[in-house]
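From a predicted model like this one, the values you see are computed outputs, not experimental measurements. Atom set for the values below is all heavy atoms of this structure, side chains included, hydrogens, waters and symmetry mates excluded.
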Amino acid sequence: HRPLLVGVPERRLLAINGAGPRTAGDFRLATTLLRTVGDVVRKMLLRAHGAEPVRPVLEITRPIEPGLTVDEILEVLAGPMPQWRQMIELPISSTEAMAGDAIDHARRLGGRDLPLVRLIRLTEGPAVQILHLGMDEEASSIRKLHAFVAASGFQIGGDLHELVVADPTVVGQARARSILRVPIAD
C-alpha cells in the first residue's frame, strides 16, 4: 500500500491517556471506558433524533519526539511503557453538553471523583497516511510512511496517529486493518 497526502480538519473527540503495551489490561480498560462514554452519547442521540449514528472507530495517537530517526521511533514504540492516547470521534449531531453528561455518567459508574475521559479538539491539518494490514508488520508500514514524508520534502509535525478500522481483537490478526497517519509540518 502507498502513502497518501490528506487534509484532516478539526474534530471533536473523547480521549483518555495512558501508558503501556496494547495487550495490557490498562489499555483494554481504557478502550472499554471510552466506548462506554461513546455509547452513552449515541443513546442520547437516538432518543433526541430517532436515529443512531454509526459507531466510531477507535483512534490511538503515540507521541513522536521531533528529530528522531525512524529506527529510534520504532524503538520507543516497542518499549515496555509506550505512551498513548485513545480517542473516538463525537458524532456531528452531538453537543458538548451531551459529551459532558456521558463523561460524568461513566465517572459515576466507575465510582471516581474525577473523570478519566475528556473532550478534546484535534486538528491535524495536512498529513500523510497509509493503510496498514494486520498481517504486515507495523514497523514496515511506519517505515514506508516516513520514507514517503522524507522523499516528498516534508517533515513530520506531530504524533503517530492510528485509526483502527478493523480491530485485531475482534476480527483476528489476518483481517485487521488500520490507517497510520502523521501530520506534516508547514
Side-chain angles (χ1 to χ4, degrees), residues 1-22 26-27 30-31 33-35 37-38 41 53-94 96 99 103 116-134 136-168 176-186:
H1 295 92
R2 292 180 295 179
L4 301 169
L5 182 61
V6 298
V8 185
E10 180 181 75
R11 301 179 304 137
R12 297 176 310 149
L13 300 120
L14 297 169
I16 185 169
N17 288 12
R22 289 174 73 152
D26 286 350
F27 188 91
T31 303
L33 180 56
L34 200 55
R35 289 271 185 218
V37 174
V41 170
V54 175
R55 191 170 195 208
V57 299
L58 178 66
E59 302 183 33
I60 305 158
T61 58
R62 295 174 278 180
I64 295 178
E65 293 294 323
L68 292 181
T69 67
V70 71
D71 288 329
E72 291 168 331
I73 290 167
L74 293 172
E75 186 178 322
V76 169
L77 296 177
M81 291 299 284
Q83 294 191 4
W84 46 259
R85 175 190 292 164
Q86 292 187 46
M87 304 170 292
I88 57 172
E89 188 170 4
L90 281 174
I92 292 172
S93 57
S94 67
E96 295 200 9
I103 290 168
L116 296 174
V117 175
R118 66 192 187 291
L119 176 63
I120 64 168
R121 290 185 181 276
L122 179 67
T123 304
E124 291 177 284
V128 175
Q129 67 184 31
I130 189 170
L131 176 64
H132 171 67
L133 304 176
D136 292 343
E137 200 177 304
E138 184 181 51
S140 172
S141 294
I142 293 171
R143 286 183 190 286
K144 286 180 189 175
L145 197 60
H146 283 258
F148 180 84
V149 168
S152 300
F154 300 128
Q155 291 187 342
I156 292 177
D159 297 341
L160 177 65
H161 191 151
E162 177 181 5
L163 290 84
V164 182
V165 179
D167 191 334
R177 304 286 184 268
S178 291
I179 295 170
L180 298 176
R181 175 190 300 155
V182 289
I184 53 176
D186 293 334

Between CZ on residue Arg11 and CD1 on residue Ile120, distance to nearest 0.5 Å:
9.0 Å

Please say whether more than 12 non-hydrogen atoms of neighbouring residues, nucleotides or ligands are located less than 6.0 Å from CD in Glu89.
yes

Dump the intermediate steps for side chain to side chain contact (heavy atoms under 4.5 Å, CB included) on Thr61 and Glu59, then the final yes or no.
CA-CA 7 Å; Thr61 58; Glu59 302 183 33; over 6 Å; no

Do Leu133 and Arg177 have side chains that get closer than 4.5 Å, going by heavy atoms?
yes

Kindly give the heavy-atom pair with the smallest separation between Ile88 and Pro56, and that separation in Å.
CB-CG, 3.9 Å

Quick check on Glu65: does its CD atom have over 12 non-hydrogen neighbours (other residues, nucleotides or ligands) under 6.0 Å away?
no

Please say which of His161, Arg181, Glu162, Glu124 ends up in a side chain to side chain donor-acceptor pair (under 3.5 Å) with Gln129.
Arg181

Check Ala19 against Met81 and note the closest heavy-atom contact, atom names and distance.
O-CE, 3.9 Å

To the nearest 0.5 Å, tell me how far Leu68 CG sits from Ile73 CD1.
5.5 Å

I'd like to check the salt bridge (charged side-chain N to carboxylate O under 4.0 Å, His left out) partners of Asp167; sequence neighbours left out, ordered by chain and number.
none

Smallest separation among heavy atoms of Ala30 and Trp84, with atom names:
CB-CH2, 3.6 Å

Check whether more than 12 heavy atoms from other residues, nucleotides or ligands sit under 6.0 Å from atom CD of Glu75, and answer yes or no.
no

Looking only at heavy atoms, the pair that brings Val76 and Pro82 closest together is O-CB, 4.0 Å

Contact check, side chains of Val41 and Leu90, non-hydrogen atoms, under 4.5 Å
yes

Closest non-hydrogen atom pair, Val117 against Ile103
O-CG2, 3.3 Å

Can you check whether Ser94 reaches Arg12 side chain to side chain, under 4.5 Å on heavy atoms?
yes

Step-by-step side chain to side chain contact (heavy atoms under 4.5 Å, CB included) determination, Leu77 to Ile142
CA-CA 11 Å; Leu77 296 177; Ile142 293 171; 3.8 Å; yes

Residue pair Phe154 / Leu5, side-chain heavy-atom distance below 4.5 Å:
yes

Give, for atom CG of Leu119 and atom CG of Leu14, the distance between the pair rounded to the nearest 0.5 Å.
6.5 Å

Find out whether Val164 and Arg22 are in side-chain contact, i.e. whether some heavy atom of one side chain is under 4.5 Å from a heavy atom of the other.
yes

Indicate yes or no: at least one non-hydrogen side-chain atom of Arg143 is less than 4.5 angstrom from one of Leu74.
yes

Beyond-backbone contact of Leu160 with Leu145, side-chain heavy atoms, under 4.5 angstrom:
yes

Which atom pair, heavy atoms only, marks the closest approach of Phe27 to Pro21?
CB-O, 3.6 Å

Measuring only between side-chain heavy atoms, which start at C-beta, is Arg118 closer than 4.5 Å to Asn17?
yes

Run the side chain to side chain contact (heavy atoms under 4.5 Å, CB included) test on Arg85 and Asp159 for me, step by step, so that the C-alpha distance in whole Å, both residues' side-chain angles and the decisive distance to 0.1 Å come before the verdict.
CA-CA 10 Å; Arg85 175 190 292 164; Asp159 297 341; 5.9 Å; no

For the side chain to side chain contact (heavy atoms under 4.5 Å, CB included) test, which of Leu4, Ile184, Ile156, Leu180 pairs with Val128?
Ile184

